[in-house]
Amino acid sequence: MLATACRILATHQRTRPTPLRILPTAEEDASATVCIRSGTGASDGAAPAQEDVRRARSIETPSPCLTADAHVSPWSPPPSDSTGTTTTTRRRRWRLVSYNAAISRCSRAGLYRRALALFHEMRGHGLRADEYTLPPLLNSAALLRSPPAARALHALLLRAGLASHLHVANALVDAYAKLARPAAARAVLDEMPRRDVVTWTSLLTGLARAGDHGAAVRVYHEMAADGVDPDEFAVAAVLSSCAGSTMLDLGRSVHAAAARRGFEPFLSVGNSLVSMYAKTGALRDARTVFDAMPARCTITWTAMIVGHAQNGRGRQSLDIYTDMVRSGCRPDYVTFIGLLFACSHAGLVDAGRAHFRSMVNDYGIAPGPDHYACMVDLLGRAGRLEEAMDMLNRSSTELDATVWKALLGACRVHRNVELAERLAEMVWRLDPTDAVPYVMLSNLYSRARRWGDVARIRALMKSRGISKEPGCSWVGVNGVTHLFHVEDHGHPRAAEIFRKVEEMTERIRAEGYVPDTDWALQDEAPEGREKALAYHSERLAVAFGLLAVPVAAPIRVFKNLRVCGDCHAAIKMVAKVYGREIILRDANCFHHMKDGACSCGDYW
DNA sequence: CTCACATAAG
């Protein structure tokens with residue numbers, strides 16, 4: 001504990017941040033004030049917290065219970081002893097509890113600045129934080145996205161000797177996890193004398209948030225080794241990471257264990273199961289779980305809508321949405337992202353426009369950049385670039401890079417180089433380190449055979465120190481993940497795999513496959529380009545799948561980037577020639593390939 | 001009066 005303590009204190013000493021003075025925003029003050037029931041005057045020094053307690057409380061539970069249970073509430077005057085006098089220490093105790101309650105209410109109501117300001121005020125009255133004060137404060141600091149505030153509270157709790165309280169330490173782990181500082185969360189956890197399921201779950205979600213789903217899954221196993229049993233929270237969290245790391249087999253085993261422990265009826269567990277199965281391409285299992293759920297919520301329905309859309313079942317997504325509304329469940333902001341995404345992937349332009357309007361008119365949801373990005377994607381794919389631009393021009397929402405990137409994607413379909421160049425400039429201005437515009441531009445130039453421009457973009461990327469995520473594909477066999485890069489000879493069975501790729505190429509050529517060298521990005525001679533295509537990572541993974549996956553089972557291949565068009569055509573044909581079902585999930589959606597056809601309808 | 005979960009395109 002000491003090492004971390006010294007470091008934190010030293011940092012705090014050196015930088016002397018004053019983050020605890022973060023004041024409530026005007027809106028927070030307004031929303032708090034609106035809720036005050038009567039025109040009681042400002043609280044005096046004797047009962048400083050009462051007004052804030054009342055505010056915070058009334059925010060969450062607007063009216064009647066406030067007066068109804070006032071006589072039993074902890075902020076009523078402290079009970080007097082037999083002689084009718086109240087000791088100073090008892091009064092201080094009541095004021096501390098009142099402040100704690102107020103801080104907790106504010107934190108829960110989303111008034112994070114207010115919570116921190118109350119703490120500041122409380123200290124002004126000579127009251128010290130205890131083990132009840134700190135967790136909601138840490139939570140507020142984390143949700144305000146303020147690492148300095150979190151570090152200051154960390155320093156404070158060390159000085160106050162509160163670090164050994166399990167709840168306080170858990171809140172600290174969670175705060176670092178929420179702030180996407182998994183290493184700091186881990187350091188705190190490692191120094192704790194004992195950990196419970198909350199500690200581990202906090203770290204696990206922190207890793208998941210940072211995108212390290214493999215590490216999250218390892219933490220789940222570590223928890224078991226530490227002698228801590230998972231509960232429904234931990235199960236829901238780890239299932240999400242199983243989905244994130246495409247570990248379907250592990251997801252199934254967690255499902256089985258959760259069922260044995262009786263966690264299946266929990267809404268969050270059902271929701272994460274539906275999502276996990278859908279995201280790993282096992283739609284049938286997602287449906288089975290969904291049908292068996294005792295209750296469903298917006299998240300459940302949204303997971304189903306998105307899952308079907310990702311698996312190329314956009315029309316079914318719309319049917320599910322109809323059922324959702326019919327069941328009385330209200331769609332939210334995220335539901336509409338999924339719904340518009342479904343329309344976009346199924347090419348349902350009219351339905352997409354209608355749902356966009358319905359979102360605003362029927363549900364009063366203001367469209368965000370996310371919705372605009374989906375609409376741009378939808379209109380762009382359908383060749384309505386002009387309409388997409390019109391829509392953006394008319395919008396009053398502040399648009400961000402996601403929208404410009406969606407438009408860039410539309411340019412990819414329509415090969416509109418000039419517009420793409422302008423958009424790339426806009427994205428660069430917002431985030432110079434984003435590799436997406438470079439890759440998009442390079443692909444566009446490449447398809448236009450403008451090799452000079454391709455080289456220029458590559459040089460630009462290099463000079464700016466930006467690297468594109470290398471493409472890779474993997475396939476799971478008997479619980480082991482086999483990973484491949486382009487022209488990768490690193491696998492123990494590489495020779496066999498490359499022979500299989502050559503066999504694949506020969507057999508599909510016999511069926512009429514012609515390589516589409518436009519997809520090759522290097523400005524090489526045609527033969528070289530063809531060769532590079534033939535050994536893309538997805539083809540190596542498929543070849544290995546043909547060798548290692550039992551004939552009756554589908555071959556499930558995952559790719560971190562979007563599948564290349566030539567590989568898409570080739571693998572479709574491989575599925576037909578070899579009589580196999582191949583499920584290829586790329587960065588964008590699933591491709592269920594069978595009998596020479598793909599669930600995406602060649603539209604992705 | 002305190003801590004952990006599930007849905008999101010590119």
Side-chain angles (χ1 to χ4, degrees), chain A residues 49 53 56 73-75 94 96-105 107-108 129-139 142 162 165-175 177-178 196-206 208 230-240 243 263 266-276 278-279 297-307 309-310 331-342 344-345 368-378 400-409 427 434 436-437 440 562 587-589:
Chain A
V53 167
S73 64
W75 48 86
W94 276 102
L96 175 61
V97 171
S98 298
Y99 266 113
N100 285 349
I103 287 169
S104 161
R105 294 283 176 182
S107 161
R108 267 206 249 263
D130 69 359
E131 68 271 28
Y132 287 93
T133 324
L134 276 154
L137 284 176
L138 283 162
N139 217 353
L162 291 168
H165 280 272
L166 188 57
H167 278 142
V168 173
N170 281 350
L172 188 57
V173 171
D174 183 56
K178 281 199 174 84
D196 68 359
V197 68
V198 177
T199 328
W200 288 108
T201 310
S202 299
L203 177 62
L204 197 159
T205 54
D231 61 5
E232 70 274 17
F233 285 77
V235 165
V238 78
L239 281 171
S240 171
F263 295 156
F266 286 100
L267 192 53
S268 61
V269 171
N271 289 345
S272 54
L273 280 171
V274 166
S275 176
M276 185 273 293
K279 278 187 186 158
C297 67
T298 305
I299 293 178
T300 326
W301 290 100
T302 304
M304 284 291 277
I305 290 168
V306 173
Q310 283 174 328
D332 69 2
Y333 186 96
V334 180
T335 310
F336 280 103
I337 296 175
L339 199 57
L340 296 176
F341 174 66
S344 155
H345 279 249
D370 303 334
H371 300 110
Y372 280 109
C374 287
M375 286 305 288
V376 163
D377 198 47
L378 169 71
D400 64 7
T402 61
V403 178
W404 310 130
K405 280 191 256 184
L407 257 184
L408 252 175
V427 178
D434 193 335
V436 168
M440 290 267 195
R562 199 186 274 263
N588 201 257
C589 66

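For clarity, every value in this text was computed on a predicted model and none was experimentally measured. As a basis for the values below, the full set of heavy atoms in this structure was taken, side chains included, without hydrogen atoms, waters or symmetry mates.
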dA4(B) base stacked by Phe233(A) (centroids within less than 5.5 Å, tilt under 30°):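 So Phe233(A) counts as stacking on the base.
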
Sequence neighbours left out, what passes side chain to side chain donor-acceptor pair (under 3.5 Å) with Thr402(A)? Give chain and number order.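 So Thr402(A) forms a side chain to side chain donor-acceptor pair (under 3.5 Å) with Asp400(A).
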
Qualifying residues under side chain to side chain donor-acceptor pair (under 3.5 Å), relative to Asn100(A), sequence neighbours excluded: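 So Asn100(A) forms a side chain to side chain donor-acceptor pair (under 3.5 Å) with Asp130(A), Thr133(A).
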
Across the strands shown, which category fits [X] at heavy-atom distances under 4.0 angstrom: base, sugar-phosphate, nothing?
{"X": "Asn139(A)", "answer": "sugar-phosphate"}
{"X": "Ser272(A)", "answer": "sugar-phosphate"}
{"X": "Val235(A)", "answer": "nothing"}
{"X": "Glu232(A)", "answer": "nothing"}
{"X": "Thr402(A)", "answer": "base"}
{"X": "Asp174(A)", "answer": "sugar-phosphate"}

Looking just at side-chain N and O atoms, do Thr298(A) and Asp332(A) make a donor-acceptor pair shorter than 3.5 Å?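 No, because no side-chain N or O of Thr298(A) sits under 3.5 Å from a partner of the opposite role on Asp332(A).
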
Is the phosphate of [N] approached by [X] (side-chain N or O, under 4.0 Å from OP1 or OP2)?
{"X": "Asn588(A)", "N": "dG10(B)", "value": "yes"}
{"X": "His371(A)", "N": "dG10(B)", "value": "no"}
{"X": "Lys178(A)", "N": "dC3(B)", "value": "no"}
{"X": "Ser240(A)", "N": "dT7(B)", "value": "yes"}

Atom pair distance, as rounded to whole Å: NE2 in His345(A) and P in dA8(B):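 Spelled out: NE2 on His345(A) to P on dA8(B) is 13 Å.
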
